[in-house]
Amino acid sequence: MSHIDDVHVSEPGLVVLDVTAHDEATAHTVMSALERSWATSGVCPVHREPGEPGVKVRIYADLRRPGTTG
């Protein structure tokens, strides 16, 4: 994963989540669930890192703002 920029965690309530899941479908399920609770960067493309298990995705979230069911 790339370097986390200071602006992504510049205030209380801002988080960066690195998720590793077995497969792309599982990663998309997690991203959708997070999106329902908080304002997030949405469902992002996942990627595989050679030699590492599963797929990875980085999600940016603002816990101060409600998600799609908030």
Pairwise side-chain contact, Val15 with Leu63, heavy-atom cut-off 4.5 Å (strictly under): yes
Report, as yes or no, whether the 6.0 Å neighbourhood of atom CG on Asp6 holds more than 12 heavy atoms from other residues, nucleotides or ligands. no
Test salt bridge (charged side-chain N to carboxylate O under 4.0 Å, His left out) applied to Glu52 and Arg48, step by step: CA-CA 8 Å; Glu52 294 193 21; Arg48 292 187 184 275; over 6 Å; no
Which residue pairs pass the salt bridge (charged side-chain N to carboxylate O under 4.0 Å, His left out) test with at least one member in residues 23-35, sequence neighbours excluded? none
Can you list everything that forms a ring-ring contact (aromatic ring centres under 6.0 Å, His included) with His8? Sequence neighbours excluded, please. Tyr60
Where Thr40 and Leu34 come nearest, the two heavy atoms and their spacing: CG2-O, 3.8 Å
Kindly indicate, with the supporting measurements, whether the criterion side chain to side chain contact (heavy atoms under 4.5 Å, CB included) is fulfilled by Val46 and His28. CA-CA 8 Å; Val46 299; His28 281 244; 4.3 Å; yes
Test of understanding: with side chain to side chain contact (heavy atoms under 4.5 Å, CB included), list the residues that count as partners of Asp62, not counting sequence neighbours. Leu14, Ala39, Arg64, Arg65
Short side-chain to backbone donor-acceptor contact, Thr26 and His22, under 3.5 Å: no
Do the non-hydrogen side-chain atoms of Val43 and Ser32 ever get within less than 4.5 Å of each other? yes
Does Leu17 belong to the same Ile/Leu/Val/Met/Phe/Trp/Tyr cluster as Met31, with side-chain heavy atoms less than 4.5 Å apart forming each link? yes
Output, in order, the C-alpha distance, side-chain angles, deciding distance and verdict of side chain to side chain contact (heavy atoms under 4.5 Å, CB included) for Val9 and Val16. CA-CA 7 Å; Val9 292; Val16 178; 4.0 Å; yes
How long is the straight-line distance from CD1 of Ile59 back to CH2 of Trp38, given to the nearest 0.5 Å? 10.0 Å
Closest approach of Ala27 and Ala21, non-hydrogen atoms and distance? N-CB, 3.8 Å
